[in-house]
*Asks:* 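Quick one: the structure is below, questions incoming.
Here the structure is a predicted model, which means the values were calculated and not measured.
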Amino acid sequence: MRGLFVIIILISSFTVHAEQIKPFTSDGCSVFPDGTFSQNELWLSCCTAHDYDYWQGGTFKQRLESDRRLKQCVAKVGEPHIANIMLAGVRVGGSPYFPTTYRWGYGWPYPRGYKVLSISEKQQIKNLQLKSR
């Protein structure tokens with residue numbers, strides 16, 4: 001009987017603690033250059049914004065939208081061909097199911113997959129934004 005009580009307490013303690021997101025980090029354009037030889041940070045701001053989306057994670061649709069914004073941003077700085085290459089790279093390499101540091105939802109413990117952010121998770125993100133100011 002006491003063993004059953006211990007198991008119930010352990011299970012309930014796991015469900016009480018929500019997953020915690022790590023503070024935001026960016027590695028720039030991950031395994032891709034941050035710009036050209038002459039302008040070595042030309043599209044770095046595009047990648048940093050994209051990393052912010054990937055850090056948070058979310059649904060499959062949100063990932064598609066984030067990847068499209070990256071493509072549009074890089075094309076807007078004058079590199080439409082690079083934008084297409086980058087889009088292909090993030091679509092293949094950014095899956096939430098790869099245990100990489102640049103996967104979709106990398107701020108959360110692995111594995112997370114595609115998942116709508118809960119109210120408490122959004123609050124965690126907001127709190128981290130306020131701390132970083």
Side-chain angles (χ1 to χ4, degrees):
M1 185 61 121
R2 189 167 24 164
L4 180 60
F5 178 73
V6 170
I7 290 171
I8 291 171
I9 294 297
L10 284 174
I11 290 171
S12 65
S13 70
F14 287 122
T15 59
V16 169
H17 299 292
E19 291 183 342
Q20 297 291 310
I21 192 167
K22 293 178 276 187
F24 173 67
T25 58
S26 174
D27 63 357
C29 297
S30 300
V31 295
F32 200 84
D34 295 336
T36 64
F37 288 118
S38 60
Q39 294 176 285
N40 57 3
E41 293 185 353
L42 182 59
W43 51 77
L44 176 59
S45 63
C46 302
C47 294
T48 303
H50 187 251
D51 282 356
Y52 190 78
D53 292 343
Y54 266 59
W55 166 73
Q56 292 180 74
T59 65
F60 180 80
K61 182 180 177 190
Q62 288 172 310
R63 180 175 170 225
L64 278 175
E65 292 165 357
S66 176
D67 292 346
R68 287 184 186 133
R69 283 192 299 274
L70 173 66
K71 179 185 175 189
Q72 290 169 348
C73 184
V74 175
K76 192 174 181 179
V77 299
E79 297 293 341
H81 298 298
I82 296 294
N84 286 325
I85 294 167
M86 289 177 83
L87 178 64
V90 296
R91 292 308 305 154
V92 172
S95 169
Y97 305 112
F98 298 145
T100 61
T101 58
Y102 49 82
R103 72 181 182 279
W104 180 250
Y106 70 83
W108 302 102
Y110 179 81
R112 177 156 173 104
Y114 294 107
K115 187 175 171 183
V116 174
L117 293 170
S118 70
I119 293 170
S120 65
E121 290 169 338
K122 288 178 184 178
Q123 188 60 50
Q124 284 185 55
I125 292 165
K126 186 176 181 180
N127 290 343
L128 286 173
Q129 288 172 333
L130 294 173
K131 279 184 183 178
S132 66
R133 289 183 185 176

*Asks:* Flag the pair F32 / C47 as yes when at least one side-chain heavy-atom distance between them is below 4.5 Å, and no otherwise.
*Replies:* no
*Asks:* So which atom in G93 and which in Y102 form the shortest heavy-atom distance, rounded to 0.1 Å?
*Replies:*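 It is O-CE1, 3.5 Å.
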*Asks:* What is the distance from atom OG of S26 to atom CG of D34, rounded to the nearest 0.5 Å?
*Replies:*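 S26 OG to D34 CG: 8.0 Å, rounded to 0.5 Å.
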*Asks:* Ring centroid separation for Y52 and F24, is it under 6.0 angstrom?
*Replies:*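 Yes, the ring of Y52 comes within the 6.0 Å limit of the ring of F24, centre to centre.
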*Asks:* Between Y54 and R63, do the side chains contain a donor N or O and an acceptor N or O under 3.5 Å apart?
*Replies:*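 Yes.
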*Asks:* Report yes if some heavy atom in the side chain of Y106 is under 4.5 Å from a heavy atom in the side chain of D27; otherwise report no.
*Replies:* no
*Asks:* Under a 3.5 Å threshold, yes or no: a donor from one side chain and an acceptor from the other, between T48 and D51?
*Replies:*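 T48 vs D51: no donor-acceptor pair found between side chains.
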*Asks:* I want to check something: taking the side chain as every heavy atom from C-beta on, are R103 and Y110 in contact at a cut-off of under 4.5 Å?
*Replies:*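 In short, these two side chains touch, coming nearer than 4.5 Å.
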*Asks:* Under a single-linkage definition using a 4.5 Å side-chain heavy-atom cutoff for Ile, Leu, Val, Met, Phe, Trp and Tyr, are V74 and L42 assigned to the same hydrophobic cluster?
*Replies:*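 Yes, V74 and L42 fall within the same hydrophobic cluster.
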*Asks:* According to a hydrophobic-cluster definition based on side-chain heavy atoms being under 4.5 Å apart (Ile, Leu, Val, Met, Phe, Trp, Tyr only), do L117 and I21 belong together?
*Replies:*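 Per the 4.5 Å side-chain linkage, L117 and I21 are co-clustered.
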*Asks:* Measuring from atom CD of Q129 to atom NZ of K126, what distance do you get when rounded to the nearest 0.5 angstrom?
*Replies:* 8.5 Å
*Asks:* Any side-chain to backbone donor/acceptor pair from N40 onto G35? Under 3.5 Å, distance only.
*Replies:* no
*Asks:* Nearest heavy-atom pair of C29 and P33: which atoms, and what distance?
*Replies:*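 Closest approach of C29 to P33, heavy atoms only: CB-O, 3.6 Å.
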*Asks:* Please examine the side chains of E19 and P109, heavy atoms only from C-beta on, and report whether any two atoms are closer than 4.5 Å.
*Replies:* yes
*Asks:* Assess whether atom CD of Q123 is packed by more than 12 heavy atoms of other residues, nucleotides or ligands within 6.0 Å.
*Replies:* yes
*Asks:* Tell me which one of R91, Q62, Q72 satisfies side-chain hydrogen bond (donor to acceptor under 3.5 Å, both in side chains) with D67.
*Replies:* R91
*Asks:* Report yes or no: does W108 contribute a side-chain atom to a donor-acceptor pair with the main-chain N or O of Q56 at less than 3.5 Å?
*Replies:*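 Answer holds: yes.
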*Asks:* Do you know the tightest heavy-atom contact between G113 and W104?
*Replies:*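 The answer is O-CD1, 4.1 Å.
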*Asks:* Of all the heavy-atom pairs spanning Q20 and Q124, show the shortest one and how long it is.
*Replies:*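 Heavy atoms only, the tightest pair is CA-OE1, 3.3 Å.
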*Asks:* Would you compute the distance between atom SG of C46 and atom CG of L70 and round it to the nearest 0.5 angstrom?
*Replies:* 6.5 Å
*Asks:* Is the ring pair Y114/F60 parallel, tilted or perpendicular, if the boundaries are 30 and 60 degrees?
*Replies:* perpendicular
*Asks:* When you compare the side chain of R69 with that of H50, does any pair of heavy atoms fall below 4.5 Å?
*Replies:*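 They are not in side-chain contact.
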*Asks:* Sequence neighbours left out, cut at 3.5 Å: what donor-acceptor pairs do the side chains of residues 79-88 make with other protein atoms?
*Replies:*
unit_1, atom_1, unit_2, atom_2, d
N84, OD1, K71, NZ, 3.2
N84, ND2, P80, O, 3.4

*Asks:* Is a donor on one side and an acceptor on the other found under 3.5 Å between the side chain of W55 and the backbone of K22?
*Replies:*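 A pair under 3.5 Å: yes.
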